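Each residue takes its place number in the sequence, starting with 1. Nothing here was measured: the structure is a model prediction, and the numbers come from that model.
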Amino acid sequence: MSKEVTYCKIIGDSSGAITRWICKGLNIDTDWIGAHQTIGFVHNGRLIGGLIYHNLRFGKDVWWTLYTTDKKWCNKRILKFMFLLAFDFYQCKRISIMTSKANDKCQKLALKLGFKPEGILRKYGDNNEDIIIMGILKEEFNL
């Protein structure tokens, strides 16, 4: 984690612009989202990342979709905020993510954060790629 982004700002997405930016970066449509909450990460006045909280079942669980353009987006303060929003504010018991089986960097970060592989959706993704579902329970979170 980089000290360079210690002063990264976390902003809400009241207009939907950050959500659209994330989906454009991931080359996916926005039709799938439904009700959601999105936060963005801004450094030096530039949006460098964002996180969509979707499929939220208050008090139960939430799914994350994350996109960044700068590998230095991540620091403990941002990670803590991301998790506490889900676990404390939304009172979720678990957070789930999906990642391409070929995306080693995402899997490595998720494992480091405490996510555990829970299943594989065979030929589920674009180009028939396999998708890994990973999850973390509130009691497993330790940052």
Asks: For residues Ile95 and Phe58: do they belong to one hydrophobic cluster (side chain heavy atoms under 4.5 Å, members Ile, Leu, Val, Met, Phe, Trp, Tyr)?
Replies: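 Same hydrophobic cluster.
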Asks: Treating Ile, Leu, Val, Met, Phe, Trp and Tyr as nodes and any side-chain heavy-atom pair under 4.5 angstrom as an edge, say whether Leu56 and Trp63 lie in one connected cluster.
Replies: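 In one cluster with Leu56: Trp63, no.
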Asks: Please report the shortest heavy-atom distance between Ile131 and Gly125, naming the atom on each side.
Replies: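 Minimum heavy-atom contact is CG1-N, 3.6 Å.
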Asks: Could you go through Arg20 and Asp13, starting from their C-alpha distance and side-chain angles, then the distance that decides it, and tell me whether this counts as salt bridge (Lys or Arg N to Asp or Glu O under 4.0 Å)?
Replies: CA-CA 10 Å; Arg20 289 188 298 276; Asp13 184 23; over 6 Å; no
Asks: Return yes when atom OH of Tyr90 has more than 12 non-hydrogen atoms of other residues, nucleotides or ligands closer than 6.0 Å, and no otherwise.
Replies: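 Yes, because the 6.0 Å sphere around OH of Tyr90 holds more than 12 heavy atoms from other groups.
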Asks: In Å and rounded to the nearest 0.5 Å, what is the OG1 to CG distance from Thr38 to Leu66?
Replies: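 Taking OG1 in Thr38 and CG in Leu66, the distance rounds to 11.0 Å.
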Asks: Look up atom NZ in Lys105 and atom CG in Leu109, then write down how far apart they are to the nearest 0.5 Å.
Replies: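 Separation between the atoms: 11.5 Å.
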Asks: Would you say Asp29 has more than 12 foreign heavy atoms packed within less than 6.0 Å of its CG?
Replies: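 More than 12 within 6.0 Å, yes.
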Asks: Hey, what do you get for CG (Asn142) to CG (Leu113), rounding to the nearest 0.5 Å?
Replies: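 With rounding to 0.5 Å, CG (Asn142) is 11.0 Å from CG (Leu113).
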Asks: CH2/Trp64 to CE/Met134 distance, rounded to the nearest 0.5 angstrom?
Replies: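 Between atom CH2 of Trp64 and atom CE of Met134 there are 12.0 Å.
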Asks: Name the one of His36, His54, Lys24 that satisfies side chain to side chain donor-acceptor pair (under 3.5 Å) with Thr19?
Replies: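 Only one of His36, His54, Lys24 forms a side chain to side chain donor-acceptor pair (under 3.5 Å) with Thr19, namely His36.
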Asks: Using side-chain heavy atoms (C-beta onward) and a distance below 4.5 Å, is Ser96 in contact with Asn55?
Replies: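 No, every pair of side-chain atoms sits at 4.5 Å or beyond.
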Asks: Which of these, Ile11, Ile48, Thr69, sits in a side-chain contact (heavy atoms from CB on, under 4.5 Å) with Phe41?
Replies: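 It is Ile48, the one option of Ile11, Ile48, Thr69 that forms the side-chain contact (heavy atoms from CB on, under 4.5 Å) with Phe41.
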Asks: Could Lys138 and Asp88 be called an ion pair, given the rule that one side-chain N must be under 4.0 Å from one carboxylate O?
Replies: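 Here Lys138 pairs with Asp88 in a salt bridge, since their nearest N and O are under 4.0 Å apart.
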Asks: Hey, does Ile132 have a side-chain heavy atom less than 4.5 Å from the side chain of Met98?
Replies: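 No, every pair of side-chain atoms sits at 4.5 Å or beyond.
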Asks: Tell me whether Asn27 at atom CG has more than 12 heavy atoms from other residues, nucleotides or ligands lying less than 6.0 Å away.
Replies: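 Counting other residues, nucleotides and ligands, CG of Asn27 stays at 12 neighbours or fewer.
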Asks: Going from CG on Leu79 to CH2 on Trp73, what distance comes out if it is rounded to the nearest 0.5 angstrom?
Replies: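 The distance works out to 5.0 Å.
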Asks: Would a single hydrophobic cluster contain both Ile18 and Leu26, if residues Ile, Leu, Val, Met, Phe, Trp and Tyr are joined by side-chain heavy-atom contacts under 4.5 Å?
Replies: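 Same cluster: Leu26 reaches Ile18 through Ile, Leu, Val, Met, Phe, Trp or Tyr contacts under 4.5 Å.
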Asks: Please tell me if the side chains of Gln37 and Val62 come closer than 4.5 Å, counting only heavy atoms from C-beta onward.
Replies: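 Heavy-atom side-chain distance check fails, nothing below 4.5 Å.
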Asks: Carefully, step by step, assess Asp126 and Ser100 under the rule side chain to side chain contact (heavy atoms under 4.5 Å, CB included).
Replies: CA-CA 9 Å; Asp126 296 338; Ser100 167; over 6 Å; no
Asks: Considering non-hydrogen atoms only, spot the tightest contact between Cys23 and Ile33 and give its length.
Replies: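 Here Cys23 and Ile33 meet closest at SG-CD1, 3.7 Å.
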Asks: Just wondering, do Gln107 and Pro117 contact through their side chains at under 4.5 Å, heavy atoms?
Replies: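 Side-chain contact under 4.5 Å: no.
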Asks: If you round to the nearest 0.5 Å, how far is CD1 of Ile22 from CG of Leu51?
Replies: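 Interatomic distance, Leu51 CG to Ile22 CD1, rounded to 0.5 Å: 6.5 Å.
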Asks: Do Ile120 and Tyr124 belong together in a cluster built from hydrophobic side chains that touch within less than 4.5 Å?
Replies: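 Different clusters.
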Asks: Do any N or O atoms from the side chain of Glu129 and from the backbone of Lys101 form a donor-acceptor pair under 3.5 angstrom?
Replies: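 Such a contact is absent between Glu129 side chain and Lys101 backbone.
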Asks: Closer than 3.5 angstrom, by distance alone: can the side chain of Tyr53 be matched with the main-chain N or O of Ile39 as a donor-acceptor pair?
Replies: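 Side chain of Tyr53 to backbone of Ile39: no pair is present.
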Asks: In this structure, would Leu111 and Met82 fall into the same cluster of hydrophobic residues linked by side-chain contacts under 4.5 Å?
Replies: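 Leu111 and Met82: one cluster.
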